[in-house]
Amino acid sequence: MIALVDCNNFYVSCERLFAPELKNKPVVVLSNNDGCVIARSDEAKELGVKMGVSAFEVKDLVQSGKLQAFSSNYVLYGDLSNRVVQTLSQFSNEIEVYSIDESFLNLQGVSDLENYAIQIRTKVRQCTGIPTCVGVASTKTLAKIASRYAKKNHKETGVWILDTPEKIEQVLRATPIEDIWGVGRRYAKMLEAYNMYTAFDFTQTNEHWVRAKMSVVGQRMLYELRGIPCLSVDLVNEPKKNICTSRSFGTMLTQYGPLSEAVSNFAAACAFKLRKQKSVANYVHVFVTTNPFSKHEKQYFNSITITLPVADSDSRVIIKNALLGLSKIYRDGFKYKKAGVIVSGIVPEDEYQLALFSPNPNNNARKVMEVLDAINHSNGRNKLKLAAQGFDRTWKLKNERLSQRYTTRFDELLVINI
DNA sequence: TCTGGGGTCCTAGGACCC
DNA sequence: TCTGGGGTCCTAGGACCC
């Protein structure tokens with residue numbers, strides 16, 4: 001059997017750990033740039049705050065004190081997420097960290113599943129303060145459905161076990177089609193057009209029809225819902241095949257200078273992520289865009305892919321090529337809202353193909369990057385930069401409601417007055 | 001006035017190979 | 001006028017996830 005452990009309103013729960021006065025109060029966490037709502041407490045949901053609404057739509061609620069809003073604080077959430085996984089590792093040797101707030105655990109051999117799931121939940125709460133829901137079933141897709149069912153219908157225990165055909169059917173009948181893992185807006189609409197409204201309806205459908213309409217992805221969903229596992233618990237984190245760093249700007253950029261600083265920083269971040277997973281990339285892709293939402297401004301979007309002579313992860317090389325790309329696609333006279341760098345064609349750093357006529361790999365360059373990473377790691381993040389990255393940060397994003405990095409920075413510890 | 005960021009997998013179709 | 005068969009690789013686009 002497989003358990004899905006899902007943290008409840010994870011970002012909000014993280015913020016509440018250090019602001020206990022917000023317990024039972026409506027709280028939301030905003031996206032980067034304080035753009036839109038990406039996490040809501042139950043109370044905020046009850047207030048009618050929808051997922052993904054723009055920050056300005058809840059501005060009145062926030063200003064009148066009815067709703068508390070935070071900028072997203074990924075350093076804090078990432079650290080707490082690691083602590084949750086640490087705790088979970090006591091309960092299974094086989095864990096797949098599926099996302100920042102969800103993990104699958106292989107519970108093969110556990111006899112009293114309900115009791116075990118309750119123990120998991122209690123322990124995570126005790127060790128990290130984060131509330132969770134646990135769903136247990138024979139497949140990942142059913143475990144997802146079970147945890148969602150626990151969250152909706154059994155909030156007190158926070159646990160639901162799908163261990164009999166009767167329980168499975170009952171829960172499938174109670175699950176709307178769009179809540180199946182793998183059914184997004186398009187598929188939900190399509191399936192409803194064929195009179196399928198619940199997960200149960202879907203399981204009654206002909207397999208060949210599903211295959212034709214939804215490819216092998218849909219077929220796997222069907223099998224999984226019928227209790228036949230198609231998706232395994234993946235224990236190792238495969239290295240990323242694409243790495244992207246992009247941001248919207250706090251204010252529109254109209255000059256090449258700040259835009260190039262932003263792109264340099266995005267490129268440096270991509271290079272760092274590459275080195276962290278011990279990879280090198282063959283392509284550097286740069287894009288810039290104006291604000292597609294503003295009706296009256298001139299619109300411009302462009303992107304370019306630069307092929308590196310040799311796959312690399314050196315910040316200087318990635319920045320240089322990203323800037324080369326930017327210089328080719330930049331046009332004067334636009335208000336740029338967002339830019340980004342994507343590195344792709346990623347291969348392990350010890351397996352890359354040397355260029356035919358290039359000199360031997362530059363070991364000195366690798367050393368320089370190792371030193372750079374070591375200093376930036378020990379000295380608080382990103383103190384040491386390359387000149388192109390600049391220090392103006394006029395492009396920086398908006399986060400006016402940022403909480404402290406309580407768990408990872410000594411100078412931002414929680415202070416208690418007694 | 002305001003609208004996130006970072007990923008994955010699958011398929012179809014074109015280019016190219018023998 | 002006739003014009004094979006069987007592959008691989010790559011990319012763009014569409015669907016999805018959190």
Side-chain angles (χ1 to χ4, degrees), chain A residues 4-11 28-40 50-60 62-63 69-74 77-78 81 96-104 140-141 144 147-148 177-191 210-221 230-231 234 237-252 266 269-270 273 277 282-283 285 287 289-297 303 305 307 335 337-346 397-401:
Chain A
L4 175 70
V5 181
D6 190 351
C7 300
N8 299 344
N9 315 329
F10 181 57
Y11 296 171
V28 295
V29 174
L30 303 172
S31 65
N32 268 335
N33 228 22
D34 292 347
C36 61
V37 170
I38 56 167
R40 304 162 296 158
K50 296 269 184 281
M51 189 70 173
V53 298
S54 306
F56 76 88
E57 294 179 60
V58 296
K59 203 173 108 191
D60 290 346
V62 173
Q63 283 181 347
F70 288 94
S71 301
S72 34
N73 184 345
Y74 287 104
Y77 312 151
S81 174
E96 175 182 342
V97 181
Y98 177 69
S99 73
I100 197 165
D101 67 341
E102 284 172 64
S103 291
F104 289 102
K140 286 168 102 173
T141 308
K144 285 277 264 188
S147 82
R148 178 191 160 279
I177 196 101
E178 69 264 24
D179 286 351
I180 301 172
W181 188 36
V183 173
R185 221 191 284 162
R186 303 296 288 265
Y187 280 154
K189 213 172 162 190
M190 189 270 286
L191 292 169
V210 173
R211 170 76 207 217
K213 288 280 185 188
M214 305 169 74
S215 83
V216 68
V217 180
Q219 198 176 8
R220 281 202 284 254
M221 278 166 34
C230 299
L231 307 170
D234 293 328
N237 275 6
E238 295 295 328
K240 303 250 185 287
K241 296 168 181 172
N242 301 288
I243 290 173
C244 174
T245 305
S246 77
R247 294 285 182 278
S248 297
F249 306 126
T251 52
M252 305 281 191
F266 302 157
C270 285
K273 292 176 194 173
Q277 68 165 28
N282 278 291
Y283 308 105
H285 182 83
F287 68 88
T289 179
T290 50
N291 184 356
F293 295 104
S294 78
K295 296 271 187 292
H296 307 297
E297 302 284 354
S303 68
T305 304
T307 304
K335 292 181 177 170
K337 174 65 179 169
K338 181 177 177 177
V341 174
I342 302 166
V343 290
S344 60
I346 293 178
L397 43 83
K398 201 166 81 181
N399 47 13
E400 291 167 350
R401 303 177 168 276

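Protein chains get the first letters and strands the later ones, always in sequence-line order, with residue 1 at the start of each.
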Would you mind classifying the nucleic acid contact of [X] as base, sugar-phosphate or nothing, using non-hydrogen atoms under 4.0 angstrom?
X: A/K337; answer: sugar-phosphate
X: A/L30; answer: nothing
X: A/D101; answer: sugar-phosphate
X: A/V53; answer: nothing
X: A/T245; answer: sugar-phosphate
X: A/E102; answer: sugar-phosphate
X: A/I180; answer: sugar-phosphate
X: A/K338; answer: sugar-phosphate
X: A/R211; answer: sugar-phosphate

Name all residues meeting the ring-ring contact (aromatic ring centres under 6.0 Å, His included) criterion together with A/F70; count only those two or more places apart in sequence or in a different chain, and write none if there are none.
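Here no residue qualifies.
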
Specify the residue among A/N242 and A/V216 whose closest nucleotide of DNA chain B lies further upstream toward the 5′ end.
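So the residue in question is A/N242.
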
If you pin A/M252 and A/R220 to their nearest nucleotides in DNA chain B, which one's is more 5'?
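Whichever sits nearer the 5' end wins; that is A/M252.
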
Taking A/S31 for the side chain and A/C36 for the main chain, is one N or O donor matched with an acceptor at less than 3.5 Å?
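Yes: the side chain of A/S31 pairs with the backbone of A/C36.
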
Taking any atom under 4.0 angstrom from a heavy atom of chain A, which nucleotides of DNA chain C are the first and last to qualify, 5' to 3'?
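Contacts span C/dA15 to C/dC18, reading 5' to 3'.
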
Output side-chain donor-acceptor pairs under 3.5 Å for residues 177-186 of chain A, partner residues at least two apart or in another chain, one line each.
from, atom 1, to, atom 2, distance (Å)
A/D179, OD2, A/R148, NE, 2.7
A/D179, OD2, A/R148, NH2, 2.6
A/W181, NE1, A/Y98, OH, 3.3

Distance in Å, A/D60 CG paired with A/Q63 CD, rounded so as to fall on 0.5 Å steps:
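With rounding to 0.5 Å, CG (A/D60) is 6.5 Å from CD (A/Q63).
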
Whether A/H285 and A/F287 hold their rings parallel, tilted or perpendicular, with breakpoints at 30° and 60°:
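If you compare the ring of A/H285 with that of A/F287, the planes turn out tilted.
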
Are more than 12 heavy atoms from other residues, nucleotides or ligands located less than 6.0 Å from atom NZ of A/K273?
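Yes.
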
Pair A/V343-A/Y283, side chain to side chain contact (heavy atoms under 4.5 Å, CB included): steps then yes or no
CA-CA 6 Å; A/V343 290; A/Y283 308 105; over 6 Å; no

Tell me the partner of B/dT11, counting only Watson-Crick (N1-N3 plus N6-O4 or O6-N4) or G-U wobble (N1-O2 and O6-N3) with both under 3.5 Å; none if nothing fits.
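Pair assignment: B/dT11 / C/dA12.
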
